[in-house]
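The structure under discussion appears below in the form of structure tokens.
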Amino acid sequence: MKFYESGDNRKPVIFLFPGTCCLYSSFNHILDGLRSYFYTVAVSYDGFDPNEKTEFCSMEDECEKIEQEIRKKYGGRIKAAYGCSLGGSFVSLLIQRKRIHIDHGIIGSSDMDEAGSFMARIQSSIVVPIMYRMVHTGKLPKFMQKKINEADNQRKNWLLDF
């Protein structure tokens, strides 16, 4: 695992966590804007960078390495962490583990995949039948349609756009 740091190290620290199968460099286009406010650290997970000979073992192993870096270089506390997709799952897991302090966690389009297999089975047993019927019949379940019917016109249009 590598950490790509840039900017003025006297500014608040923000860690950037890329999504599944994305490289740390996916943040390059926003780094200039962020450097005005933050010292940026883009994380390169093991097994994702083609220039490294590493292997991704588990979310927990990667979190341990990230936590060690934050404790060692930043006193166990950073101002913010942003993650999208898999990166959002890392941010939520780091917050959940409570081994470091993150003032602000920002999660974009994360699957929050750290649920255990038991909870994942319960959640999917609820969601899959609903989604299956919606996809195959093209109709919303009655409880969803009722909520839409109760919504005001602006919200109703927004909901039906999806």
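We use all heavy atoms of the structure for the numbers below, so side chains are in, but hydrogens, waters and symmetry mates are not.
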Gap between atom CG of Leu93 and atom CZ of Arg99 - 0.5 Å precision = 9.0 Å

Shared ILVMFWY cluster between Tyr82 and Leu23, side chains joined below 4.5 angstrom?
-> no

For the hydrophobic clusters of this structure (ILVMFWY residues joined by side-chain heavy atoms under 4.5 Å, transitively), does one cluster hold both Leu94 and Phe38?
-> no

CD1 on Ile30 to OG1 on Thr40, rounded to 0.5 Å | 8.5 Å

In one Ile/Leu/Val/Met/Phe/Trp/Tyr side-chain cluster, 4.5 Å: Ile14, Phe17 | no

Lys/Arg-Asp/Glu bridge criterion (N-O < 4.0 Å) met for Glu64, Arg71 = yes

Rounded distance [0.5 Å steps], NE2 in His29 versus CZ in Phe27 = 8.5 Å

Search all heavy atoms of Ser36 against all heavy atoms of Lys11 and return the closest pair with its distance.
-> O-NZ, 3.0 Å

Ser58 side chain to Asp61 backbone, donor-acceptor under 3.5 Å | yes

Between SG of Cys63 and CD1 of Ile95, what distance do you get to the nearest 0.5 Å?
-> 10.5 Å

Looking at Gly88 and Ile107, what are the two nearest heavy atoms and their distance?
-> CA-CG2, 3.8 Å

With a 4.5 Å limit on heavy-atom distance, are the side chains of Glu60 and Arg97 in contact?
-> yes

To the nearest 0.5 Å, what is the distance between CD1 (Ile100) and OH (Tyr74)?
-> 11.5 Å

Minimum heavy-atom separation for Thr54 to Gly47, with atom names?
-> OG1-N, 2.8 Å

Centroid separation Tyr45 to Phe90 less than 6.0 Å = yes

May I ask you to check whether over 12 heavy atoms, not counting those of Tyr37, lie within 6.0 Å of atom OH?
-> no

Short side-chain to backbone donor-acceptor contact, Glu52 and Asp46, under 3.5 Å | no

Drop me the distance from Ile70's CD1 to Phe15's CZ, to the nearest 0.5 angstrom.
-> 4.0 Å

Is Ile78 reachable from Phe3 through a run of I, L, V, M, F, W or Y residues, each pair having side-chain heavy atoms under 4.5 Å apart?
-> yes

Look at atom NZ of Lys79 and say whether more than 12 heavy atoms of other residues, nucleotides or ligands are closer to it than 6.0 Å.
-> no

Met1 backbone acceptor or donor facing Ser44 side chain under 3.5 Å | no

Minimum heavy-atom separation for Val91 to Gly83, with atom names?
-> CG2-N, 3.7 Å

Of all heavy-atom pairs linking Tyr24 and Val43, the shortest is CB-O, 3.5 Å

Is the closest side-chain heavy-atom distance between Met59 and Leu86 below 4.5 Å?
-> yes

Determine whether more than 12 heavy atoms belonging to other residues, nucleotides or ligands lie under 6.0 Å from atom NZ of Lys146.
-> no

Minimal non-hydrogen separation, Ser6 against Tyr39, with atom names | O-CD1, 3.3 Å

